[in-house]
Amino acid sequence: MHRKLDVLAEKGFVILRDRQGPPLDPAEWESLEYMDWKSGGDTNFAPLTSATGEMDCRGFWDHGQPDKHGIWTKNRKLASGLADYVERIGGNFGRVRIIKLNPSDESAALRQLHLDDNNRLNPSGEGWVVRSWLELDNSAGQSTFILREDKDDPATESRIRLHPGMQLVIDTQRLYHVVWHPGPRPRYALITSWESDDVLDGWIKREMAAGSRPAAGRQAAAATKAPTGRKQVADRKLTSAR
């Protein structure tokens, strides 16, 4: 058994307030060294950490360890603001990566729904590994996170309209997920693997409590769920979390 966070028990995800502080310089993600690594579509990844500190997108289990205790790569020097963001959270992080997602249509995105393998080699009794997202540069209001409890059942689906600065935490080993990004420019986001511990729990609660609306209200404004027993249609109305 692994420790899991109560805040993720009901839905498997939580939407936080937007990142606070001055805007990040786009050079922090545009100037990085990217690797051709496919996950959830036409993607490239720039590793900020890896299991060894080398430029490596592979799972930490390839080095005999769980997705924890990440070591910074040379990309850290070019993305110091993003690295500081991760370190200020203060928890036990594993993979830290920038995703560059090229545009796709909705049907192509849906074919890429997948679960992550976050907890391979994670010892029983330790914290379950989940992932956070910080949205960086994209077409605001165009990209949509699609989450499903059952990959083949649209009735289990939630959709979250994304915008730069948005913060989310998702149990991606529980929820099938993909981002539908119609473009026209690539979408960038910071993805971090976290151990579920008191530090991560405290950060999530602070980022929920600091908003101007109750957490449930913010989440409802951002995510829509298919009615039970009804098939979801592609053009249904979505609203922004901003």
Side-chain angles (χ1 to χ4, degrees), residues 3-24 28-29 48 67 70 79 81-99 101 116 118 127-138 140-149 157-175 177-181 187-225 238-242:
R3 177 186 177 181
K4 297 185 178 181
L5 301 182
D6 291 342
V7 71
L8 297 176
E10 180 182 0
K11 295 179 179 294
F13 70 93
V14 62
I15 299 168
L16 308 176
R17 67 170 177 170
D18 286 1
R19 172 190 166 272
Q20 303 298 290
L24 292 164
E28 293 226 8
W29 52 90
L48 299 188
D67 195 358
L82 292 172
D84 289 345
Y85 167 84
V86 172
E87 290 180 329
R88 280 197 301 272
I89 293 173
N92 183 358
F93 55 85
R95 278 177 285 185
V96 182
R97 306 183 289 173
I98 305 294
I99 184 173
L101 175 65
D116 290 332
N118 295 329
W128 187 250
V129 175
V130 297
R131 292 189 181 181
S132 70
W133 269 258
L134 171 63
E135 291 297 311
L136 298 172
D137 183 33
N138 61 18
Q142 297 296 316
S143 301
T144 302
F145 228 129
I146 303 174
L147 306 171
R148 287 185 183 179
E149 292 274 2
E157 181 178 289
S158 296
R159 294 193 175 198
I160 305 168
R161 187 66 58 83
L162 302 175
H163 60 257
M166 192 174 187
Q167 301 181 117
L168 308 95
V169 179
I170 304 172
D171 183 349
T172 57
Q173 193 164 329
R174 166 182 166 182
L175 295 175
H177 60 283
V178 74
V179 170
W180 168 29
H181 174 61
R187 167 234 177 198
Y188 294 86
L190 175 71
I191 308 174
T192 306
S193 296
W194 296 101
E195 181 174 14
S196 293
D197 57 14
D198 289 341
V199 177
L200 183 65
D201 192 38
W203 175 72
I204 291 173
K205 289 176 178 176
R206 289 192 300 273
E207 293 299 292
M208 291 173 63
S212 60
R213 289 178 289 164
R218 290 199 310 281
Q219 191 154 296
T224 58
K225 193 171 184 66
L238 292 174
T239 54
S240 170
R242 194 185 295 277

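Computed from a predicted structure; not experimentally measured.
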| query | Between atom CG of Leu134 and atom CG of Leu24, what is the distance when rounded to the nearest 0.5 Å? | reply | 7.0 Å
| field | By side chain to side chain donor-acceptor pair (under 3.5 Å) - contacts of Ser143 (at least two apart) | value | His181
| query | How would you list, by chain and number, every residue that makes a side chain to side chain donor-acceptor pair (under 3.5 Å) with Ser193, sequence neighbours excluded? | reply | Asp67
| Under a 4.5 Å cut-off applied to non-hydrogen side-chain atoms, are Phe13 and Phe145 in contact? | no
| field | Side chain to side chain, Ile98 and Glu28, heavy atoms closer than 4.5 Å | value | no
| message | A quick test of your reading: do over 12 heavy atoms of other residues, nucleotides or ligands sit less than 6.0 Å from CD of Glu10? | response | no
| field | Those residues that, when tested against Asp84, pass side chain to side chain donor-acceptor pair (under 3.5 Å) (two or more places apart) | value | none
| task | Taking side chain to side chain contact (heavy atoms under 4.5 Å, CB included) as the test, write out the residues that go with Ile89, two or more places apart. | result | Tyr85, Trp194, Trp203
| message | Can you confirm whether Arg187 sits close enough to Leu162 that some side-chain heavy atom of one is under 4.5 Å from a side-chain heavy atom of the other? | response | yes
| message | side chain to side chain contact (heavy atoms under 4.5 Å, CB included), that's the test. Do Val169 and Glu207 meet it? Break it down for me. | response | CA-CA 11 Å; Val169 179; Glu207 293 299 292; over 6 Å; no
| query | Listed by chain and number, what are the salt bridge (charged side-chain N to carboxylate O under 4.0 Å, His left out) partners of Arg97, not counting sequence neighbours? | reply | none
| Non-hydrogen side-chain atoms of Val14 and Leu5 separated by less than 4.5 Å | no
| message | My understanding is that only residues two or more places apart in sequence, or in another chain, count here; which of them pass side chain to side chain contact (heavy atoms under 4.5 Å, CB included) with Glu195? | response | Lys68, Asn92, Glu126
| Point-to-point distance, once rounded to the nearest 0.5 Å, from OG1 of Thr144 to CD of Gln142 | 8.0 Å
| field | 4.5 Å side-chain heavy-atom contact, Trp29 and Leu190 | value | no
| Which residues satisfy the salt bridge (charged side-chain N to carboxylate O under 4.0 Å, His left out) test with Asp197, sequence neighbours excluded? | none
| said: Within this structure, what is the CG-NE2 distance for the pair Leu147 and His177, rounded to the nearest 0.5 Å? | reply: 8.0 Å
| query | Hey, what do you get for CG (Leu200) to OG (Ser132), rounding to the nearest 0.5 Å? | reply | 7.5 Å
| query | Would you find a donor on one side and an acceptor on the other, under 3.5 Å apart, between the side chain of Glu157 and the backbone of Arg148? | reply | no
| task | For the pair Arg174 (side chain) and Ala9 (backbone), establish whether a donor and an acceptor sit closer than 3.5 Å, ignoring hydrogens and angles. | result | yes
| CG/Leu168 to CD/Glu135 distance, rounded to the nearest 0.5 angstrom? | 7.0 Å
| message | With rounding to the nearest 0.5 angstrom, report the CZ to CG distance, Arg95 to Leu48. | response | 13.5 Å
| Does the distance from a Lys or Arg side-chain N to an Asp or Glu carboxylate O, for Asp198 and Arg3, drop under 4.0 Å? | yes
| query | Which residues satisfy the side chain to side chain donor-acceptor pair (under 3.5 Å) test with Arg131, sequence neighbours excluded? | reply | Asp116, Asn118
| query | Quick one: are Met208 and Val7 in side-chain contact, heavy atoms under 4.5 Å? | reply | yes
| message | Walk me through whether Gln173 and Val129 qualify under side chain to side chain contact (heavy atoms under 4.5 Å, CB included). | response | CA-CA 9 Å; Gln173 193 164 329; Val129 175; over 6 Å; no
